[in-house]
J.: 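Below you will find the structure I want to go over with you.
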There are 2 protein chains.
Amino acid sequence: MSRNLTAPRLRRMTARGQDEVDRIVDAWQRERPDLDVAPLHVLSRISRVARRLDQTRGTAFARHDVEGWEFDVLSALRRAGTPYELSPGALVQQTLVTSGTMTNRVDRLENRGLVRRRPAPNDRRGVLVELTDEGRDLVDAVMADLLAREQELLSHLPTRDRERLAVGLRTLLGELEG
Amino acid sequence: MSRNLTAPRLRRMTARGQDEVDRIVDAWQRERPDLDVAPLHVLSRISRVARRLDQTRGTAFARHDVEGWEFDVLSALRRAGTPYELSPGALVQQTLVTSGTMTNRVDRLENRGLVRRRPAPNDRRGVLVELTDEGRDLVDAVMADLLAREQELLSHLPTRDRERLAVGLRTLLGELEG
DNA sequence: GGGATTTATCTTGATATCAAGATACTGCTG
DNA sequence: CAGCAGTATCTTGATATCAAGATAAATCCC
């Protein structure tokens, strides 16, 4: 069993300052010196950053009176391009929720007038969900705002670091989805 | 407004294969060429990886008959070290949930016999949540298993890349928490 | 030391999610 | 062309979460 071989180097590289995850990992290392807790430096940090990111995005969404889950759906439809319509099944795949959740989401978005359901051609089981003009305007406004804030969030990270981050995360995602 | 200056380089670096986020970002770029969508390469990917990671961990937890939220709480208590006890407030801070959620979680863990509540000394408002022996055994077993799986997940990522990933994420987390 | 403020925890009510199963239609196979 | 497995969507029931507020005790400050 390989024993925290990478920990010392990691520690050196980050001498400037600890974050909450460093404290968590150190605590585990102290309590379980028999385990290699190095993976936590990457994977726990991802979970924690994602959590905070959700919270932060929430405040950006609030100013447009939109919930995160609403944006998820509208945004999948928007980036599909004209005529801005997808099947519920396709929406399920893209948003990583279950079919029941998607039915519920589409219901509520339809009530708000942001999407519309129509029968699928050539398949009487099927439905297509399409963005209304109002939905499109909304998602466009939110997206511009969101990107501005994310730009700012990344502004202290050099371009090179952003690329490395993206590449590493892509590898992980490939592992998880492949 | 800076216009997707980093996108071409990113694209080149990843010629080997696209992931789902690449497809999402490309679609946005096509639909909104006026916006700089590069931040999504990092931030959307973090959300998506985190989501998948949750799902993956879920299956590891299931074999020990533990839910993710249970592990979160037990693990905070475990790494606190002897005597394995923390206030509900401290647990709230570490797990990023609200106080109502924590009350509920502690209730359920107490019912399962994994933790125990006792009055805080010197503060009659307060309570301390402490790990039972059973809780400690459980969290130790789950942690060992979890680390083994995460080790494997990271095994295709060179050590150097893991370090860079950790460093970049730490910077982001500092931004989000500071 | 007594009243206002802050801190710590718990309660309540509304909501979003999921797993499992129901329903309805398609399209393959023999 | 009949039956049957597969696909697409929706329904149901249980559950975890959150926001807001209630309650109680500690601490501050004059």
Side-chain angles (χ1 to χ4, degrees), chain A residues 47 50-59 61-62 65-74 76-77 85-112 114-130, chain B residues 47 50-59 61-62 65-74 76-77 85-112 114-130:
Chain A
S47 298
R51 192 85 203 251
R52 291 295 192 189
L53 206 49
D54 265 359
Q55 293 174 347
T56 298
R57 288 204 263 240
T59 73
F61 291 151
D65 203 22
V66 172
E67 305 280 337
W69 61 263
E70 294 179 301
F71 180 76
D72 271 0
V73 177
L74 297 178
L77 292 168
E85 62 186 19
L86 291 171
S87 69
L91 287 171
V92 160
Q93 285 193 313
Q94 298 201 34
T95 55
L96 307 184
V97 298
T98 62
S99 69
T101 297
M102 189 50 68
T103 299
N104 189 306
R105 286 184 176 188
V106 173
D107 286 349
R108 285 175 284 159
L109 288 169
E110 204 167 24
N111 281 338
R112 277 194 66 178
L114 301 175
V115 308
R116 194 173 19 233
R117 262 187 260 241
R118 69 183 189 84
N122 307 328
D123 188 344
R124 271 186 296 181
R125 293 169 304 181
V127 176
L128 287 180
V129 180
E130 105 190 293
Chain B
S47 298
R51 193 85 203 252
R52 291 295 191 189
L53 206 49
D54 266 359
Q55 293 174 347
T56 297
R57 286 202 264 238
T59 74
F61 291 152
D65 203 23
V66 171
E67 304 279 335
W69 62 261
E70 292 179 302
F71 180 76
D72 272 1
V73 177
L74 297 178
L77 291 169
E85 61 185 18
L86 291 171
S87 70
L91 287 170
V92 160
Q93 284 192 312
Q94 298 202 34
T95 56
L96 307 184
V97 299
T98 61
S99 69
T101 297
M102 189 51 68
T103 298
N104 190 307
R105 288 184 175 187
V106 173
D107 286 348
R108 285 176 283 159
L109 287 169
E110 203 167 25
N111 281 337
R112 277 194 66 179
L114 301 174
V115 308
R116 195 173 17 232
R117 263 186 258 240
R118 69 182 190 86
N122 306 328
D123 188 343
R124 270 185 299 177
R125 294 169 303 179
V127 176
L128 287 180
V129 180
E130 107 189 291

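So you know, we letter chains A, B, ... as the sequences are listed, proteins then strands, and number each from 1.
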J.: May I ask you to check whether over 12 heavy atoms, not counting those of A:Gln55, lie within 6.0 Å of atom CD?
T.: yes
J.: Write down the distance between CG (B:Asp123) and P (C:dT6), rounded to a whole number of angstrom.
T.: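 So the CG-P distance, B:Asp123 to C:dT6, works out to 17 Å.
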J.: Nearest-nucleotide wise, let me know which of A:Val127 and B:Arg105 is further upstream toward the 5' end of DNA chain D.
T.: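 Taking each residue's closest nucleotide, the earlier one in sequence belongs to A:Val127.
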J.: Got a sec, which residues hit salt bridge (charged side-chain N to carboxylate O under 4.0 Å, His left out) with A:Asp123, two or more places apart in sequence or on another chain?
T.: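 Partners of A:Asp123 under the salt bridge (charged side-chain N to carboxylate O under 4.0 Å, His left out) test: A:Arg125.
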J.: Considering heavy-atom distances to DNA chain D, does B:Leu96 or A:Val106 have its closest nucleotide positioned more toward the 5' end?
T.: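 Its nearest nucleotide being more 5', the pick is A:Val106.
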J.: Using side chain to side chain donor-acceptor pair (under 3.5 Å) as the criterion, list what pairs up with B:Thr98, not counting sequence neighbours.
T.: B:Thr101
J.: Under 4.0 Å from a heavy atom of chain B: give me the 5'-most and 3'-most nucleotides of DNA chain D that qualify.
T.: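 Answer, 5' to 3': D:dA16 to D:dA26.
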J.: Check salt bridge (charged side-chain N to carboxylate O under 4.0 Å, His left out) between A:Glu110 and all other residues, then give those that pass, not counting sequence neighbours.
T.: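 Scan of A:Glu110 (salt bridge (charged side-chain N to carboxylate O under 4.0 Å, His left out), adjacent residues dropped) gives A:Arg117.
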J.: Checking A:Thr103 side chain against A:Ser99 main chain: does a donor-acceptor pair fall under 3.5 Å?
T.: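 Answer holds: yes.
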J.: Which residues in residues 97-104 of chain A have a heavy atom closer than 4.0 Å to any atom of DNA chain C?
T.: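 The answer is A:Val97, A:Thr98, A:Thr101, A:Asn104.
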J.: Would you mind reading off the distance between A:Arg125 atom CZ and C:dC25 atom P, rounded to a whole angstrom?
T.: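 It is 10 Å, rounded to the nearest whole Å.
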J.: Going by heavy atoms in the side chains, are B:Leu77 and B:Leu91 under 4.5 Å from each other?
T.: yes
J.: With heavy-atom distances below 4.5 Å as the criterion, would you say the side chains of A:Asp65 and A:Arg112 are in contact?
T.: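 Of all side-chain heavy-atom pairs linking A:Arg112 with A:Asp65, at least one is under 4.5 Å.
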J.: List the residues meeting salt bridge (charged side-chain N to carboxylate O under 4.0 Å, His left out) with A:Arg51, not counting sequence neighbours, and say none if there are none.
T.: none
J.: Please report, rounded to the nearest Å, how far the P atom of C:dT9 is from the CD atom of B:Glu110.
T.: 14 Å
